[in-house]
Undergrad: 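Please read through the structure below; I'll follow up with questions.
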Amino acid sequence: MPQTRPRTQPALRRAPVQQRSAERLARILDACAVLLDETGYEQLSTRAVAARAGVPIGSVYRFFGNKRAMVAALAHRNLDRYAERVSERLAGAPILDALGAIDGVLDEFIEMKRTVPGFALVDFGLPAAAPGEAAADGTAEAAAEDPNRLVAERICALLATHLGRAADEELHRKVLVGVETADALVRLAFRVDPAGDPALVAETRCLLHAYLAPSLS
């Protein structure tokens, strides 16, 4: 089995140690997600996030150097929640086969695109940085991550566990290709239709079935 690169955690200035602090961090990220939908990334500001979250601006800076670090933490939270949703979907299937597993992975991604605040703009990775932005805010390491590779690593482990198949080098490669392909096609589907063009989603599903199912059997 290939070695999985350790996942970089979002760079918090101070990790929450108490429940109240963790709840405040969650409110900040929730507010960040909502404002991303309303204003976009360029117009996002830490002051606006603090106001929407109902916390002092100092509470935002306690956790984050600036908005890019904050959005990086949101992207990591999105990935954790996506993995949880996929795991629950797979575990809840009465009869799980390769096609059903692929459907679960795709359907949860599309559902998050439709319903989770901020996810349409920032799913699992940071937006492109303005010149010098990543270096200035301390998120250079997070920006250097390959979000689709992180997603593929999580999905590969979940599929291998639930289907009783080894997470070997071939499966990692196949899942990575599937993630890259689905990401591009789903983005296209949501450009064509804000709710995700059904015909393009169907084509994505057919492609993933044909490509991935033989490797998952």
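As a basis for the values below, the full set of heavy atoms in this structure was taken, side chains included, without hydrogen atoms, waters or symmetry mates. Residue numbers run from 1 in the order of the sequence given.
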Undergrad: Do Asp97 and Leu216 have side chains that get closer than 4.5 Å, going by heavy atoms?
TA: no

Undergrad: Closest heavy-atom contact between Ala213 and Ile102?
TA: N-CD1, 3.7 Å

Undergrad: Mind checking who shares a hydrophobic cluster with Leu188, ILVMFWY linked at side-chain heavy-atom distances under 4.5 Å?
TA: Val192, Leu200

Undergrad: Write down the atom of Pro117, the atom of Ala33, and the distance for their closest heavy-atom approach.
TA: O-CB, 3.2 Å

Undergrad: Does some side-chain heavy atom of Pro147 sit less than 4.5 Å from a side-chain heavy atom of Leu79?
TA: no

Undergrad: Once side-chain hydrogen bond (donor to acceptor under 3.5 Å, both in side chains) is applied, what residue pairs with a partner in residues 200-210 remain, sequence neighbours excluded?
TA: Asp103-Arg205, Asp103-His209, Asp107-Arg205

Undergrad: Can you name the closest pair of heavy atoms from Leu163 and Ala101 and give their distance?
TA: CD1-CB, 4.1 Å

Undergrad: Is there a side-chain contact between Leu159 and Leu90 (heavy atoms, below 4.5 Å)?
TA: yes

Undergrad: Roughly how far, to the nearest 0.5 Å, is CZ of Arg165 from SG of Cys156?
TA: 8.0 Å

Undergrad: Give a yes or no on whether a salt bridge exists between Arg52 and Glu38, defined as a side-chain N under 4.0 angstrom from a carboxylate O.
TA: yes

Undergrad: Restricting to non-hydrogen atoms, name the atom on Gly125 and the atom on Ala75 that form the minimum distance, rounded to 0.1 Å.
TA: N-CB, 3.7 Å

Undergrad: Among Asp197, Asp183, Asp123, find the one that has a salt bridge (Lys or Arg N to Asp or Glu O under 4.0 Å) with Lys113.
TA: Asp123

Undergrad: Is there a donor-acceptor contact under 3.5 Å from the side chain of Lys67 to the main chain of Glu42?
TA: yes

Undergrad: Same cluster or not: are Leu106 and Met112 linked, directly or through other Ile, Leu, Val, Met, Phe, Trp or Tyr residues, by side-chain heavy atoms under 4.5 angstrom apart?
TA: yes

Undergrad: Sequence neighbours left out, what passes salt bridge (charged side-chain N to carboxylate O under 4.0 Å, His left out) with Glu84? Give chain and number order.
TA: none

Undergrad: Any salt bridge (Lys or Arg N to Asp or Glu O under 4.0 Å) pairs touching residues 21-33, not counting sequence neighbours?
TA: Asp30-Arg77

Undergrad: Once rounded to the nearest 0.5 Å, what's the spacing between atom CG of Leu74 and atom CG of Leu44?
TA: 9.5 Å

Undergrad: Are Val55 and Leu35 co-members of a hydrophobic cluster defined by side-chain heavy atoms under 4.5 Å apart?
TA: yes

Undergrad: Please tell me if the side chains of Phe109 and Val86 come closer than 4.5 Å, counting only heavy atoms from C-beta onward.
TA: no

Undergrad: Does the pair Val175 and Val151 meet the rule for a side chain to side chain contact (heavy atoms under 4.5 Å, CB included), with working shown?
TA: CA-CA 9 Å; Val175 171; Val151 174; over 6 Å; no

Undergrad: Counting N and O atoms only, with roles assigned by atom type, does the side chain of Asp193 sit under 3.5 Å from a partner on the main chain of Pro198, one being a donor and the other an acceptor?
TA: no

Undergrad: Who passes ring pair (Phe, Tyr, Trp, His ring centres under 6.0 Å) against Phe190, sequence neighbours left out?
TA: none

Undergrad: First locate atom CZ of Arg62, then atom CZ of Arg13, and finally report the distance between them rounded to the nearest 0.5 Å.
TA: 12.5 Å

Undergrad: Judged by atom type as modelled, is there a donor-acceptor pair below 3.5 Å linking the side chain of Arg68 to the main-chain atoms of Leu126?
TA: no

Undergrad: Out of curiosity, Leu36 CG to Leu121 CG, how far, rounded to the nearest 0.5 Å?
TA: 5.5 Å

Undergrad: Between OH of Tyr61 and OG1 of Thr46, what distance do you get to the nearest 0.5 Å?
TA: 2.5 Å

Undergrad: To check you understand the geometry: which heavy-atom pair defines the closest contact between Arg154 and Ala83, and what is its length?
TA: NH2-CB, 3.4 Å

Undergrad: In this structure, which one of Arg114, Arg89, Arg81 forms a salt bridge (Lys or Arg N to Asp or Glu O under 4.0 Å) with Glu108?
TA: Arg89

Undergrad: Do the rings of Phe124 and Tyr82 sit parallel, tilted or perpendicular, given the 30° and 60° boundaries?
TA: tilted

Undergrad: Which value, rounded to the nearest 0.5 Å, describes the distance between Leu212 atom CG and Ile155 atom CD1?
TA: 9.5 Å

Undergrad: Same cluster or not: Leu176 versus Leu208, using hydrophobic residues (I, L, V, M, F, W, Y) connected whenever any side-chain heavy atoms lie under 4.5 Å apart?
TA: no

Undergrad: Grab the two heavy atoms, one from Gly118 and one from Asp37, that are nearest each other, plus how far apart they are.
TA: N-OD2, 2.9 Å

Undergrad: Could you list the residues that satisfy salt bridge (charged side-chain N to carboxylate O under 4.0 Å, His left out) with Lys174, not counting sequence neighbours?
TA: none

Undergrad: Indicate, with yes or no, if Val116 and Val34 share a hydrophobic cluster defined by side-chain heavy-atom contacts under 4.5 Å among Ile, Leu, Val, Met, Phe, Trp and Tyr.
TA: no

Undergrad: Is there side-chain contact between Ile28 and Phe64, with heavy atoms separated by less than 4.5 Å?
TA: yes

